[in-house]
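Let me begin by presenting the structure, written as structure tokens, before commenting on it.
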Number of protein chains: 2
Amino acid sequence: MTPRTKEANAQIKDERREQILYTALKLFTKKGLADTKISDIAQAAGISHGLLYNYFKSKDEIYTELIRIAVSSSGGMLEQIEQTDMQPIEKVHAITYGILNNAAAYEESACFFALMMQAMSYDKIPETAAEIMKTAMKPMEAMCRIITDGQSRGQIKPCAPDQLAAAYFAAVNGLVYFMVFGVIAELPDPGLLIPMFLPN
Amino acid sequence: MTPRTKEANAQIKDERREQILYTALKLFTKKGLADTKISDIAQAAGISHGLLYNYFKSKDEIYTELIRIAVSSSGGMLEQIEQTDMQPIEKVHAITYGILNNAAAYEESACFFALMMQAMSYDKIPETAAEIMKTAMKPMEAMCRIITDGQSRGQIKPCAPDQLAAAYFAAVNGLVYFMVFGVIAELPDPGLLIPMFLPN
DNA sequence: GTCTATATCCAGATAGAC
DNA sequence: GTCTATCTGGATATAGAC
């Protein structure tokens, strides 16, 4: 009952929480929010149905937490690259390779992308998750800035930046989505997407 | 009670069926399979909950029928273009403009695409629907043939045809998906995707 | 043909035993 | 901390009235 014990317990609880979270991530991605039952998560995490409620208040809370992580981590990566002193076209390279190689190497990374794609389409996600999702397209604005910069230096073709950014994100997200759901066996060479940006 | 009346009744029933079907299409696309309740469909179609079962045996039957239409119509368009005598790169043009302009002009067309995208990710769709979805990627094979043909004529860059086709379909599907779910306001110029195919 | 009422089932969340 | 048993709500599908 000393403070030390309390801390240790809190850490154990945090670890267990995280374990449940990543178990749920895979299930949500594979089965969707509505079809993933609390019992499925508990069973996959190796705990009882009831115990799960010691760690999370509800299924919605688990889902919302995962959306939070997905949005912040995908946004963080892009912002980081934007703030380097690379040339704009190099930034595009770095972002593309970063996203695709990461998704190919780490299952969770790919799942987080797929989770966001699904969340865009669900009308009935938890309210807080919906709020967070509203900020999910901020990376697109960063991409627009990079494109505009690249155009003024003649590295990127002249066209509407938001359209190019949309086509690019659609392609990247689509690819990761296809890979996660086994539509394609492996991610293609990220370099395939770069010609979209180049001047004729 | 003459045969004539029977036929007329059958036609009325078919029309009603179709009306229910397209009502369901929009709901499934917006809310997903699990979160779309039979009552939602009935209400949106302006009939009672119970009456819907006169037209369809179950929710799964409605969904399966929609998947059937989605897969066959998307495949049909591509096959049709493949069999023309256009040059390979022109076929790529025609397919891209066909899909994107259609999706922009007709809500159902876009919804069918989104429905297939969602179906790829659902682990728990009805069995028959899952069978049909296995054939959903046949258009990708047609695309590979077009690409190979184009490469041998020097119109398309030399690279693995299946990877290029995957990147292309990911981009097209991703774009329609983004548009349906309001992530982007309108579809970009289809021409933006063509440079992916061109030799350096 | 159409609607309303209901049987049945299933899943989320809670309570109480160990 | 952990599990099992239970309450409760909601959705599918059916049955029966009009």
Side-chain angles (χ1 to χ4, degrees), chain A residues 1-21 23-25 27-28 30-66 122-129, chain B residues 1-2 4-21 23-24 27-28 30-66 122-129:
Chain A
M1 272 303 192
T2 65
R4 199 161 175 70
T5 312
K6 265 189 196 164
E7 275 174 30
N9 280 343
Q11 198 195 334
I12 289 170
K13 188 158 183 176
D14 278 359
E15 279 167 13
R16 179 69 70 98
R17 249 182 83 96
E18 203 157 312
Q19 178 214 345
I20 294 171
L21 224 36
T23 303
L25 169 62
L27 289 172
F28 281 142
K30 218 174 66 178
K31 298 153 73 93
L33 173 55
D35 276 333
T36 302
K37 309 304 170 195
I38 284 281
S39 328
D40 296 336
I41 300 173
Q43 195 183 353
I47 60 175
S48 80
H49 177 157
L51 181 56
L52 197 144
Y53 286 89
N54 275 16
Y55 296 93
F56 295 93
K57 199 166 82 268
S58 67
K59 188 168 85 163
D60 281 2
E61 190 184 87
I62 302 178
Y63 187 79
T64 303
E65 184 65 23
L66 284 170
Y122 287 167
D123 206 38
K124 253 189 69 177
I125 63 176
E127 204 174 340
T128 312
Chain B
M1 272 302 192
T2 66
R4 205 162 170 67
T5 312
K6 265 189 194 164
E7 275 172 29
N9 280 342
Q11 198 196 334
I12 289 170
K13 188 159 184 177
D14 279 0
E15 279 166 15
R16 181 69 72 97
R17 249 183 82 97
E18 203 157 311
Q19 179 212 345
I20 295 171
L21 225 36
T23 304
L27 289 173
F28 281 142
K30 217 173 67 175
K31 298 154 72 97
L33 172 55
D35 276 333
T36 302
K37 308 306 170 193
I38 285 281
S39 329
D40 296 336
I41 300 173
Q43 194 183 354
I47 59 175
S48 80
H49 176 160
L51 181 56
L52 196 143
Y53 286 90
N54 276 15
Y55 295 93
F56 295 92
K57 200 165 85 265
S58 66
K59 187 167 84 164
D60 281 1
E61 192 184 85
I62 303 178
Y63 186 80
T64 303
E65 184 65 22
L66 284 170
Y122 287 168
D123 205 36
K124 253 189 71 177
I125 63 175
E127 205 176 338
T128 312

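Just so it is clear, the structure is predicted and the values come from calculations on it, not from any experiment. Order of the sequence lines fixes the chain letters, A, B, ..., with proteins taken first and strands second; residue numbering starts at 1 for each chain. All values below were derived from every heavy atom in this structure, side-chain atoms included, with hydrogens, water molecules and symmetry-related copies excluded.
Of all the heavy atoms in Glu65(B) and Leu21(B), the pair that sits closest is CG-CD2, 3.8 Å. Nearest approach of Pro126(A) to Tyr63(A), heavy atoms of both residues: CD-CD2, 3.7 Å. The minimum heavy-atom distance linking Ile20(A) with Leu52(A) is given by the pair CG2-CD1, 4.4 Å. Glu61(B) and Tyr55(B) get closest at one heavy-atom pair: OE1-O, 4.2 Å. Smallest separation of non-hydrogen atoms from Asp40(B) and Asp35(B): OD2-O, 3.8 Å.
Per the geometry, CG belonging to Leu51(B) stands 14 Å off P belonging to dT14(D), to the nearest Å. Rounding to whole angstrom units, CZ of residue Phe56(B) and P of dT14(D) are separated by 15 Å. As rounded to whole Å, 16 Å separates atom P of dT4(D) from atom OH of Tyr53(A). The nearest whole Å value for the distance from the NZ atom in Lys57(B) to the C1' atom in dT14(D) is 15 Å. Taking atom CD1 on Ile38(B) and atom P on dG10(D), their separation rounds to 18 Å, with Å as the unit.
Along DNA chain C, the nucleotide nearest Lys13(B) and the nucleotide nearest Lys59(A) are compared for position; the residue whose nucleotide lies closer to the 5' end is Lys13(B).
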Just the atom pairs and distances: protein N or O near nucleotides 6-9 of chain D's N or O, under 3.5 Å.
none

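Judged by distance alone, with hydrogens and angles left aside, the side-chain atoms of Lys30(B) form no donor-acceptor pair with the main-chain N or O of Thr36(B) at under 3.5 Å.
Atom CD of Glu127(A) sits in a sparse spot, with 12 or fewer heavy atoms from other residues, nucleotides or ligands closer than 6.0 Å. Around atom NZ of Lys37(A), more than 12 heavy atoms belonging to other residues, nucleotides or ligands sit under 6.0 Å away.
Nucleotides of DNA chain C lying under 4.0 Å from heavy atoms of chain A occupy a range whose first and last members, 5' to 3', are dA11(C) to dT14(C).
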